[in-house]
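Input: a single structure, listed below in structure tokens.
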Amino acid sequence: MRLSTGINLLNVLIVLSIVTASTVSILLAINAFGVVSSVRVGEPSVFSSGSVVEVSIPVQISNNGPFGVSGVRVSGELRDASGVIIASLSSPPFSVAAGEKGAHRIMQVRIDFSAIPQERLYTLFSQAGNITLLAKAGASLEPFISISAQASGAVPWVPPIQDFELGSPQLLGYNSTHISASLPVRFRNPSEISVEGSVNALFLDTETGSVIGSGYLEVNAPSNSVFEGTLLSTFSLPENATALLLEARTYRCNATFGFMVFGNQVYSISRPFELHWAPPVGSPYFGSPSVVPHNSTHSMLYLPFGFTNTNELVTLNGSARLGMVVGGSLVSESTPVGISVPPGSAHSCNFALMVPNWALSAPGTIILSMDTQFGSASVEVPING
Amino acid sequence: MVKMLGLELTGASLALRLILGALLSAGGFLIFYYLPANFVELASSAIGGEVPPAASGLLSSLIDPALPLVGLALVAAIFLCAVFRGTKAYGPVTIALSLVYALYVVLLFHGGAISISVPADLLGGGLPFGASLSVSVDMPVLMVLFLVPALLGIVKGFLLILMTRRR
């Protein structure tokens, strides 16, 4: 090929390449403008399962141009004041082929709260500060242009749980092993986010550290509101029925309230907590005994007994009986006396025992036995000692 | 007859070359110098009003500060190409024109990637929480497409030099 021919060919190619580059540029501009102006964003829907929240944003898009649109995506990051990532989210990229009209796509953003480190969540719920929000979006007009946009800003963060208060507990009910109580809970949500979830409370005995109760409360505190609710809790009763029936007791415990949001514990607050138990057999007493001869070998011993049910909740039901033990042997026992004492009421009865005359002056023990819904309890009182 | 770098020209032909060079370089001046050097003002005229200061800064950032100067060099190269066409200098001047054009394209495309910070004033009162917005446009393929004529021009320049030496 002659050089002049080659040069002529190059001239043609140069003109063609200039025309091509200019045409592609114009088409790209028209294509991009058409795609952007065709975008219609629908109402987002939120779906949460466990600690995962998915936000689905329907998008309708048309691409009348000659170039395919690909890699359409959004992503974001939340960083705390120290720059550590609290949460990140991203949508899988989607494409719109050249010539595709009215294409429906779902832009799905997934946030997994369980992936957020616990200490970060705790910091968020306990400290005010600024959160840096970094949002990114991008798309490509293959193969010529890739556009990405990034927005970042500092979002003032106000902890959503403030001024947490516990009210006085109220006893609600009981069975042989547990009592249930309601516990008023109040806190302020001065933030712009709502707190929706639940509170799980755990009550630990201050002395032994063992779990003595638990509670649960559904929480729905919209932004800038005061939440007031009643936490329903159950406490296990001591197995020692004697102590339960006869002794006043204060449960001193450390209550830990764990806030669950999207199934994930995000924050916990601990408060000292006391629950008072008044004995159903309060201020028990024996009155002055009286002895009446029965025959030549036995006498009738009459012993008054009384108490006050100081418990505000429990109606004490059961029976009581009295026995006399001398020298390790049961020498006499009364017939059981029925007991049904409502809260705050006093009860009194007179036990009658047929006692051998020799035992009346012998050192021994009077044993009061009670069978109640809480179990059996007994009290021993020495006599003639 | 005028002999210019191995090419004999009549006075009329030389004058025609100078006029053609002046016309081409005038067009080149408009496109490669005047347009980028007065981009903001031209945009104001196009929208029929004053470009807001924030937008003015944004538009200015789209134009590399060295672009008008390189545009002037390109105008000069266009003029020389028109005048020296067919002479011994045509090959080297074509290569020079292609190289300057290549530099112009690279500056125009900011090396293939443009990053701009969009002022908050431009976003209808700004973004919430005082957020800032930046946009990146990657277009290396498009830039390469515009560099193809420069590459072909360099090849053409070398062929012209080769052809001149064979004579």
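Note on naming: letters A, B, ... go to the chains in the order of the sequence lines (proteins, then strands), and numbering restarts at 1 for each one.
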Notebook entry, point to check: If you check every heavy atom in residues 20-27 of chain B against those of chain A, which residues fall under 4.5 Å?
Noted result: none
Check: With a 4.5 angstrom heavy-atom cut-off, which part of A:Leu134 approaches chain B: side chain, backbone, both or neither?
Finding: neither
Margin query: Can you give me the closest heavy-atom contact between B:Leu142 and A:Ser25, atom names plus distance?
Written below: CD1-OG, 4.0 Å
Next item on the list: Quick one: closest heavy-atom pair of A:Ile14 and B:Pro149, and the distance?
Entry: CG1-O, 4.1 Å
Notebook entry, point to check: Are the side chains of A:Ile18 and B:Phe146 in touch, meaning some heavy atoms are under 4.5 Å apart?
Noted result: no
Check: Just how far is it from atom NZ of B:Lys156 to atom CG of A:Leu13, taken to the nearest 0.5 Å?
Finding: 11.5 Å
Next item on the list: With a 4.5 angstrom heavy-atom cut-off, could you sort out which part of B:Leu151 is near chain A: side chain, backbone, both or neither?
Entry: neither
Next item on the list: Using non-hydrogen atoms and a 4.5 Å limit, figure out which bit of A:Asn130 sits close to chain B: side chain, backbone, both or neither.
Entry: neither
Note to self: Taking side-chain contact (heavy atoms from CB on, under 4.5 Å) as the criterion, tell me which of B:Val137, B:Asp138, B:Ile114 meets it with A:Ile147.
What the structure shows: B:Val137
Margin query: Within the structure provided, determine whether A:Gln150 and B:Leu133 are in side-chain contact (heavy-atom separation under 4.5 Å).
Written below: no
Notebook entry, point to check: Under a 4.5 Å cut-off applied to non-hydrogen side-chain atoms, are B:Leu152 and A:Ser17 in contact?
Noted result: yes
Next item on the list: Please flag which part of A:Ser4 lies under 4.5 Å from any non-hydrogen atom of chain B: side chain, backbone, both or neither.
Entry: both
